[in-house]
Participant: 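The structure that follows is given in the form of structure tokens.
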Amino acid sequence: MSLQITVRSSTPLATALAADDELVVIGCWAFAGSSAKTDKGARRGKSAATKAGKGLSEPIAELVELDARFHGAVSAYARREDFKGKREQTLRVPTFGRVPARTIVLLGLGERDAKGVTPVEARSFAGRAARMAVTEKATALVVVVPSGIDAHLRQVAEGLTLGAYRFTKYLTGDRKPKESLSKVTVALTGKAPRDAKALTELGQRIGEAVNLSRDLSNEPANELPPAALAHAAQVVARANRLKVQVFDAKEIVRRKMHLLYAVGRGSRNEPRFVHLSYSPAGKAKKRLVFVGKGITFDSGGLSIKPAAGMGEMKHDMSGAGNMVGLMAAVAALKPSVEVHAIMACAENMPDGDAYRPGDIFGSLDGKTVEIINTDAEGRLVLADALAYAKALKPDLLVNNATLTGACLVALGSGCSAFYATSEDAAAEFGAAVKEAGEQMWRMPLIEELREAMRSDVADIKHTGDRYGGSITGALFLREFIGDVKNFVHADIAGPVTTERAFSWNPKGATGHGVLSYLSLVERAART
Ligand code: BES
Ligand code: MN
Ligand code: ZN
């Protein structure tokens, strides 16, 4: 069920008075607090707020009026609890029936940058507010948006939609949440802009698109074989008038995608190849092509993985799941660029018919590949997908995959690696990631590591040294892009899931990547 988001103009006090049995979350920028040194010049909200809050040693600008209603009890309580509006700081204020709102939560936003509030800060604040509402089991939420954040209504709606997300599909009885957050009021202290409704609707659609990627990633492998993943893409295409092509196992063989077929051979669930595309109404400024790894379960195949943590490999299709969400978001945005999304879907299982170490296969590109370790299956399915993608002559080609455990060793679980074959692509991709507020770090394509992939019996081996594993993966993929100049590979193995909720992400699948790719699309349409 979709959230109902409305925007209105109101003060925190009026909001709390009108919010019948609702949870009210009030965003508060950091303030000095009574114990900290009082640098009056640097403190924001000074003049008017300070005067109005006379009697409080350190007023919270956003709360002066509300505080007065409580005879200063709110600020006294905040002081006692040492709430200073720091980032990640929260304070739950019971209202004891003084106002209709059941609970007021103060959410710290940290220092407000003099250069202005970013869209990412707005999304993060709204995400935390929505997560708070879910934790408090509230069905209705009022978010009081402080100054600065009100300039980013689209991102506020994105954050609300993303923060309210939970994967509860398989819970029954007492475990099934009886009610969920269904109504959110965004209260602005200033006037609501005229396009408030359009902005929140767009933000909500983008949030829902990312949530769709999360849903696919969280879905267990028994419920989401390659055919079901391809079906999800078809559903999105139909709902949004996008073009979609799906190749089944027979068509995959007929088209000579031998590597994709090889990986899928060990599973009863046949592989699928998906090509989604969006074209703008007018002339397209650019053509962007995205590719995603869709291993619906990665057991490792005959080079089987250890039992511990194997269940996490249901998320190994997150790169492809991202493609479905990305295209839903693109359809909502209607940018003036052409966007293609390609998904290479297979299940990697051990079986009498499974591919083996030592096997040699041809590929769509023509190169032959010697199989070393059947657990390095991602780069194989992607090699065929990239060979298909290069024929589309992209201005920018972006691959995204949960490709290597080595990437987690290198950058930790909260940051992706990205590799680029041109400085232009690197700069553009890096800027998009920053704008989206995701964590990705550029890594080098170290040519020396290619040596270890030299094969005596085929054109190339598909794995190299044990060290530098994420880099070798990227180097292998690069072999299949032909003369495409601008290629970026994002190894998203870490951040596609999180063990700890943060910002706009709840526990589990995050949909990490979608927002960055969407920024890339928007930037391309802007120039
Ligand atoms: N899907 C895994 C990578 C992975 C590991 C993703 C942990 C998320 C968390 C991939 O298919 C894989 O198994 N890679 C191997 C490659 C190796 C055999 C060259 C790896 O990283 O160990
Ligand atoms: Mn694997
Ligand atoms: Zn894998």
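Bear in mind the structure is a predicted one, so any value in this text is a computation, not a measurement.
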Participant: If I compare all heavy atoms of His489 with all of Ala474, which pair ends up nearest, and what's the gap?
Facilitator: CD2-CB, 3.6 Å

Participant: With the threshold set at 4.0 Å, does a side-chain nitrogen-carboxylate oxygen contact exist between Arg205 and Glu208?
Facilitator: no

Participant: Could you please spell out the steps behind the side-chain hydrogen bond (donor to acceptor under 3.5 Å, both in side chains) verdict for Ser416 and His512?
Facilitator: CA-CA 9 Å; Ser416 288; His512 165 93; 2.7 Å; yes

Participant: If you draw the axis of the six-membered ring of Tyr419, does the NZ or CZ of Arg478 fall within 45° of it and under 6.0 Å from the ring centre?
Facilitator: no

Participant: Measure up the Phe476 and Phe480 rings against each other and bin them: parallel (under 30°), tilted (30 to 60°), perpendicular (over 60°).
Facilitator: tilted

Participant: Kindly check if the number of other-residue, nucleotide or ligand heavy atoms within 6.0 Å of NZ (Lys434) is above 12?
Facilitator: no

Participant: Please identify which of these residues, Arg241, Lys334, Lys243, meets the side chain to side chain contact (heavy atoms under 4.5 Å, CB included) condition with Tyr278.
Facilitator: Lys334

Participant: Between Arg379 and Glu479, is there a salt bridge with N-O shorter than 4.0 Å?
Facilitator: no

Participant: Please lay out, stage by stage, how Thr139 and Ser182 fare under the test side-chain hydrogen bond (donor to acceptor under 3.5 Å, both in side chains).
Facilitator: CA-CA 5 Å; Thr139 56; Ser182 61; 5.3 Å; no

Participant: Please find the pair of heavy atoms, one from Glu438 and one from Ser516, that lie closest to each other, and give the distance.
Facilitator: OE1-OG, 2.6 Å

Participant: Before you tell me yes or no, could you show the steps for Tyr517 and Asn322 under side-chain hydrogen bond (donor to acceptor under 3.5 Å, both in side chains), namely the whole-Å CA-CA distance, both residues' side-chain angles and the distance that decides it to 0.1 Å?
Facilitator: CA-CA 9 Å; Tyr517 314 145; Asn322 280 351; 4.5 Å; no

Participant: Please work out which of the three classes, parallel, tilted or perpendicular, describes the rings of Tyr388 and Phe247, given edges at 30° and 60°.
Facilitator: perpendicular

Participant: Is any side-chain N of the basic residue among Lys197 and Glu201 closer than 4.0 Å to the acidic one's carboxylate O?
Facilitator: yes

Participant: Taking all non-hydrogen atoms of both residues, which atom of Ala331 and which atom of Leu242 are closest, and how far apart?
Facilitator: CB-CD2, 4.3 Å

Participant: Check the surroundings of atom CZ in Arg526: do more than 12 heavy atoms from other residues, nucleotides or ligands lie under 6.0 Å from it?
Facilitator: yes

Participant: Give the minimum heavy-atom separation between Lys314 and Ala221, together with the two atoms involved.
Facilitator: CB-N, 4.1 Å

